[in-house]
Chemist: 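Pasting in a structure now, in structure tokens, and then I'll have a few things to ask.
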Amino acid sequence: MGKRATVALVPHQGEVKKGWDISDAFDAGFTLEDIQQAEADAKQQQQWAKQVAEVVCDCLNQARTHHLEGSRHTAHWSKRDRRLTLLENDTEHKVLDVVWDNGWVNVDSRLEQAKVNYFLQEVQQKLRCKNHLYSFNTGTTLR
């Protein structure tokens, strides 16, 4: 399709039939504004997913592991698939689902502003403090 078209999330409610596309969304009553909002939401998820993935990646690198269970979340890096996932421990809901393709690409992340703030403010700050206090640098990266 080249530059003529792109693949994007199409608004829907509940389960959708295989092959659901933009014409189905319009037939189901979604408006152009709904489609535009879905695009804006997808762009926001991509931005948040990239930011949170960097913090989670730093945690895994610092711990020198591909799987890390914390008090709130469990992170897993699949080297084969180049996929990073993050689940909430208490509910097992997916929070982050990204792949590495010369940058983090959102697959199916379910981030909210509060969760993003938690990672960018609390978790990232703890990482900075640990790095500063211990001058700890593994020299390894997941990618």
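Heavy-atom basis, side chains included; hydrogens, waters and symmetry copies ignored.
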Chemist: Evaluate Asp41 against Gln45 for side chain to side chain donor-acceptor pair (under 3.5 Å), listing each step before the verdict.
Modeler: CA-CA 6 Å; Asp41 293 347; Gln45 281 297 311; over 6 Å; no
Chemist: What distance separates Ile22 CD1 from Phe30 CZ, expressed to the nearest 0.5 Å?
Modeler: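 So the CD1 of Ile22 and the CZ of Phe30 are separated by 10.0 Å.
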Chemist: Side chain to side chain contact (heavy atoms under 4.5 Å, CB included), that's the test. Do Lys50 and Asn106 meet it? Break it down for me.
Modeler: CA-CA 7 Å; Lys50 181 180 175 185; Asn106 186 33; over 6 Å; no
Chemist: Is it the case that atom CD in Gln36 sees more than 12 heavy atoms from other parts of the structure closer than 6.0 Å?
Modeler: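 Count over threshold, so yes.
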Chemist: Taking side chain to side chain donor-acceptor pair (under 3.5 Å) as the definition, give me every residue that meets it alongside Thr31, ordered by chain and number, with sequence neighbours left out.
Modeler: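 So Thr31 forms a side chain to side chain donor-acceptor pair (under 3.5 Å) with Glu33, Asp34.
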Chemist: Check Leu32 against Phe26 and note the closest heavy-atom contact, atom names and distance.
Modeler: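 Minimum heavy-atom contact is N-CE2, 3.9 Å.
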Chemist: To the nearest 0.5 Å, what is the distance between CH2 (Trp48) and CZ (Phe119)?
Modeler: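 One gets 13.5 Å once the value is rounded to the nearest 0.5 Å.
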Chemist: Can you name the closest pair of heavy atoms from Ala75 and Val56 and give their distance?
Modeler: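 Where Ala75 meets Val56 most closely, the heavy atoms are CB-CG1, 3.7 Å.
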Chemist: Between Asn117 and Gln113, do the side chains contain a donor N or O and an acceptor N or O under 3.5 Å apart?
Modeler: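 Yes, Asn117 and Gln113 have a side-chain donor paired with an acceptor closer than 3.5 Å.
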Chemist: Does the pair Arg82/Asp101 count as a salt bridge with the N-to-O cut at 4.0 Å?
Modeler: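 Judged by the 4.0 Å cut-off on N to carboxylate O distance, Arg82 and Asp101 do not form a salt bridge.
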Chemist: What's the separation between atom CZ in Arg110 and atom NE2 in His93, rounded to the nearest 0.5 Å?
Modeler: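 Answer for the CZ-NE2 pair, Arg110 versus His93, is 9.0 Å.
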Chemist: Contact between Val116 and Val52 at the side-chain level, heavy atoms closer than 4.5 Å - yes or no?
Modeler: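 Counting from C-beta outward, Val116 and Val52 do come under 4.5 Å.
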Chemist: Output the distance between atom CG (Asp24) and atom CG (Asp27), rounded to the nearest 0.5 Å.
Modeler: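 One finds 6.0 Å between CG of Asp24 and CG of Asp27.
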Chemist: Does any non-hydrogen side-chain atom of Gln47 lie less than 4.5 Å from one of Gln44?
Modeler: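 Yes; the side chains approach each other to less than 4.5 Å.
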Chemist: Evaluate the side-chain proximity of Glu54 to Trp104: yes if any heavy-atom separation is below 4.5 Å, no if none is.
Modeler: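 Contact flag for Trp104/Glu54 side chains = yes.
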Chemist: Could you give the distance from NZ (Lys94) to CG (Asp108), rounded to the nearest 0.5 Å?
Modeler: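 Here the interatomic distance stands at 4.0 Å.
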Chemist: Report yes if some heavy atom in the side chain of Val95 is under 4.5 Å from a heavy atom in the side chain of Leu87; otherwise report no.
Modeler: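 They are not in side-chain contact.
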Chemist: In terms of the angle between their ring planes, are Tyr118 and His73 parallel, tilted or perpendicular, with boundaries placed at 30° and 60°?
Modeler: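 The arrangement is tilted - the two ring planes meet at 30° to 60°.
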Chemist: Side chain to side chain contact (heavy atoms under 4.5 Å, CB included), that's the test. Do Asp97 and Arg83 meet it? Break it down for me.
Modeler: CA-CA 7 Å; Asp97 188 359; Arg83 190 170 191 155; 2.6 Å; yes
Chemist: Could you go step by step and tell me if Glu39 and Lys43 meet the salt bridge (Lys or Arg N to Asp or Glu O under 4.0 Å) rule?
Modeler: CA-CA 6 Å; Glu39 176 188 22; Lys43 287 179 179 178; 3.3 Å; yes
Chemist: On a heavy-atom basis, which atom in Leu84 and which in Cys57 lie closest, and how many Å separate them?
Modeler: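 Scanning both residues completely, I find the closest heavy atoms to be CD2-N, 4.4 Å.
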Chemist: Can you find a pair of side-chain heavy atoms, one from Thr65 and one from Leu60, that are under 4.5 Å apart?
Modeler: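 In short, these two side chains touch, coming nearer than 4.5 Å.
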Chemist: Does the side chain of Asp58 come under 3.5 Å of the side chain of Gln62 through a donor N or O and an acceptor N or O?
Modeler: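 No, Gln62 and Asp58 have no side-chain donor paired with an acceptor closer than 3.5 Å.
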Chemist: Is any side-chain heavy atom of Asp90 closer than 4.5 Å to a side-chain heavy atom of Arg72?
Modeler: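 With C-beta onward as the side chain, the pair stays apart.
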